[in-house]
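Both counts, for ligands and for their atoms, begin at 1 and track the order of listing. Quick caveat: nothing in here was measured; it's all calculated off a predicted structure. Values reported hereafter were calculated over all heavy atoms of this structure, with side chains retained and with hydrogens, waters and symmetry mates removed.
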Amino acid sequence: MNELISTSLTSDQVKAKAKEFGADLVGIADGAIMDQYPPDLKNPRTPSHITEIDGARVIVLAKRISFATSRLPAWNDQHKFYGDELLISALEELALDLVFWMEDNGAPALLVPYHHVDPLKFKKGKDTQATHPLSAEHAAVEAGLGTLGLNHQLITREYGPRVILGLVLTSADIDPDSKMEEALCLGPECGRCLKACPADAVQYWDRDWAACDTFRSPFGFEFMSNYLTSILTEEDQLQQIAKLRGMESSEIFQAMLRGSGIITGCRRCADVCPVGNDYENLLKKWVDEIPEETPEKLKRLEEMVAEATLPEAYEKQHRWIGKFNPIN
Ligand code: SF4
Ligand code: SF4
């Protein structure tokens, strides 16, 4: 178990430095509390699973995504994929700058590559989301940055779900933040994430992660392994060559050059979420209409609103969703 290490640094200094390096939001979670409450009991990935030395605090860094990209309506617009990829790189650089600044000040710190998937835990076709080394969204809630929404996306007061997260572990004895108790999500009476989802993956306080993955990582490992399998099992050699020279090869090649479409992808649910200080002036007019809305989706939302009790999925994630008060 991680123990705190004495330091001359304060949490205010760490947060100010992270903002100076370019973070828009910074929060600090207590690693011991995260160890105590793993988000997934079947696959508990907590700070102590990464390090037993430097995980007593989890510094959560957030950068807002570009407003202009959220105003682009198509879920698969390359400007979104590419812009988000650049943001991830910027976030990793600022996290690394913070690591070295903390270490120069006597506080060892560890960058967690949370966008990467642990290959030892990867199960093809099953919930790749669950295999990140540490859930940055749950860490962000513990660090007081926001709460989880209807589909478990992190929602912040400032930018709604329109943030990309980075994680740094340290055992420096700096004060952690407290999590919010009330849910920021407006629930199924809002349901805009469900209406907009091209995969129809948004459920009643849950998400079909496998369905979501095919959109939020459209050219990711699943796509590539299916594609390579289809080539290897093709008996006609001319067809094999045609496939190799086809569009899919080109898509994989381009995506692998920068990671866009692999570690970035769909975020329609974030673009249309009405929570966030940025929404009213910078987004509402442009994202208000949801072309993906269908009568079936509206019916499902009506049924959720009519439910007398909250579902088991809510209860399981209640700690991070927060206390939900329906509008009516
Ligand atoms: S990321 Fe895209 S596919 Fe996944 S839940 Fe959000 S809108 Fe749906
Ligand atoms: S779009 Fe509405 S229901 Fe979905 S996460 Fe945001 S506030 Fe919650």
Flag the pair [X] and [Y] as a salt bridge only when some basic side-chain nitrogen lies within less than 4.0 angstrom of an acidic carboxylate oxygen.
X: E158; Y: R64; result: no
X: E296; Y: K299; result: no
X: K179; Y: E181; result: yes
X: K80; Y: D84; result: no

- prompt: At distances under 2.8 Å, what protein N, O or S atoms surround atom 4 (Fe) of ligand 2?
  reply: C193 SG
- prompt: In terms of atom number and element, which parts of ligand 2 are under 4.0 angstrom from non-hydrogen atoms of P274?
  reply: 1 (S), 2 (Fe)
Numbering the atoms of ligand 1 from 1, which are under 4.0 Å from a heavy atom of [X]?
X: F215; result: 3 (S)
X: P198; result: 7 (S)
X: C212; result: 1 (S), 3 (S), 4 (Fe), 5 (S)
X: R207; result: 4 (Fe), 5 (S)

- prompt: If you measure from each heavy atom of A196 to ligand 1, is any distance below 4.0 Å?
  reply: no
Distance from atom 1 (S) of ligand 1 to nearest protein heavy atom, with residue and atom: C266 O, 3.3 Å
message: Could you identify the single nearest non-hydrogen protein atom to atom 8 (Fe) of ligand 1 and state the distance to 0.1 Å?
response: C197 SG, 2.3 Å
message: Check for me whether the distance between the ring centres of F324 and W205 falls short of 6.0 Å.
response: yes
message: With a 6.0 Å cut-off (strictly less than), is the heavy-atom count around CD of E312, excluding the residue itself, greater than 12?
response: no
- request: Could you label the plane-to-plane angle of the H152 and W209 rings as parallel, tilted or perpendicular, counting under 30° as parallel and over 60° as perpendicular?
  value: tilted
message: Using 30° and 60° as the class boundaries, would you call the ring planes of F219 and F223 parallel, tilted or perpendicular?
response: perpendicular
- request: Applying side chain to side chain contact (heavy atoms under 4.5 Å, CB included) between T147 and each of R319, M180, E182, K323, report the one that passes.
  value: M180
query: If you measure only the distance, is there a donor-acceptor pair under 3.5 Å linking the side chains of W320 and E142?
result: yes
